[in-house]
Amino acid sequence: MGENMVDTPATPQAVDRRRKTLIAKGYGMTETFKALVIDNADGNYTAGIKDLTVADLPDESVLVDVAYSTLNYKDGLAITGKGKIVRSFPMVGGIDLAGTVLESADSNYKPGDKVLVNGWGLSETMWGGYSQKQRVNGEFITRVPDGFSLKDTMAIGTAGYTSMLCVLALEDAGITPDQGDIVVTGAAGGVGSVAIAVLAKLGYRVVASSGRTSEADYLKSLGATEVIGREILDRDARPLEKGRWAGGVDSVGSRTLATLLAETKNEGAVAACGLAGGTDLPTTVMPFILRGVRLLGVNCVTCANERRDEAWSRLVHDLDVSKLADITKVEPLGRLPELGEEILSGTIRGRVIVDVNA
Ligand code: NDP
């Protein structure tokens, strides 16, 4: 983004102008709407649905009429307080959102624009998507690409967008379908599922690594040619093993990623984005110095806007969203306190779209 797009702090006059504009447009400062508010008053961690007004929202440049958000593992940690996700209280949860611009002090957006936000500290340092209205920094907005509905973007969500970042990283590393198999770990999860669907559509031969062999048919329906048990990679590997993979998308980390690296062929590459199996990486330098293997870190939260736009527009072409329908369910805002517990206990299958207006 250019420097001319950086917002200057709002003056009291600007805030007053915005308030008058909102009232003129009917978004009264006293009209209430629902949001999931996380608080930690006197050390008592709570997450509950509260009534807010537009006047309560942060002083950011773009007011969004939120349609959908999603439920991610990180959201579960934030809702329950079982992980240190929230950095300031009170906080509106939800790491992503999709909706329609109601009012904008950022000249790049106008009322009616369809927009989404992934990451950028939503629900950590900035109020997030579990709210029927939210104000967000225009710098953090991605336009909903033509070809996707608001609901599509949240069916894909942060997990799916991260998968596309992994695929772009592999492409940039020169990994092409003719070079051999690509393994996707944590295959039945959000990142894994979308990675399989995209890679298969692009012509790669995809091997899915999953602890849920009961999901083999589903993984094959997404495009996996082969499904292997999680234990095949989740083991103590030697520094170098027989080269098997041209590349990989790893959302597991730890021994799984170490084995994947040891089994990666000459000049292969692995995109690493997750830690579902642990944060450690018990590997050696051997894959790197003897085979030229590349380990590609992927971080969706502060990824540059140009890369985000590229990822979302590629998803329009390279992902058949209808393939996600079987594993996507829609839940209302009011269920979030329970859903936060459920995702941490591993009882949720697939992707959860949060309809904030249901
Ligand atoms: P999910 O919970 O949907 O999927 C994770 C998958 O990992 C599970 O479905 C399971 O797949 C596998 N898994 C779970 N526990 C273990 C374990 N103990 N050992 C090995 N495999 C395990 O999460 P997401 O797909 O949304 O996210 C995946 C990871 O990526 C998470 O760690 C998340 O924090 C991270 N992430 C990182 C981002 C970034 O910017 N770097 C952005 C988004 C997510 P199966 O049952 O098939 O084995």
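Everything numeric in this text was worked out from a predicted model, so none of it was measured. One-based numbering, in listed order, for ligands and for the atoms of each.
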Problem set entry | Listed partners of Asp113 passing side-chain contact (heavy atoms from CB on, under 4.5 Å), at least two apart |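 Counting only residues at least two positions away or on another chain, Asp113 forms a side-chain contact (heavy atoms from CB on, under 4.5 Å) with Val101, Tyr109, Lys110, Val115, Arg143.
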Exercise. Relative to the ring of Tyr45, is the ring of Phe89 parallel (under 30°), tilted (30 to 60°) or perpendicular (over 60°)?
Worked result: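 Rings of Phe89 and Tyr45: perpendicular, over 60°.
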For this session: Would you please say whether a donor-acceptor pair under 3.5 Å links the side chains of Asn72 and Thr158?
Result: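 The answer is no; no qualifying pair exists.
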Exercise. Hey, are Thr176 and Asp178 close enough side-chain-wise for a donor-acceptor pair under 3.5 Å?
Worked result: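 There is such a pair between these side chains.
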For this session: Identify, with sequence neighbours excluded, every residue that meets ring pair (Phe, Tyr, Trp, His ring centres under 6.0 Å) alongside Trp127.
Result: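 Per chain and number, Trp127 pairs via ring pair (Phe, Tyr, Trp, His ring centres under 6.0 Å) with no residue.
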For this session: Tell me the residues surrounding ligand 1, counting only those with a heavy atom closer than 4.0 angstrom, sorted by chain and number.
Result: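 Ala159, Thr162, Gly186, Ala187, Ala188, Gly189, Gly190, Val191, Ser210, Gly211, Arg212, Arg230, Ser251, Val252, Cys273, Gly274, Leu275, Ala276, Gly277, Val298, Asn299, Cys300.
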Exercise. Which pairs with one or both residues in residues 250-279 pass salt bridge (Lys or Arg N to Asp or Glu O under 4.0 Å), sequence neighbours excluded?
Worked result: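 Salt bridge (Lys or Arg N to Asp or Glu O under 4.0 Å) check on residues 250-279 returns Asp234-Arg255, Arg235-Glu263, Asp236-Arg255.
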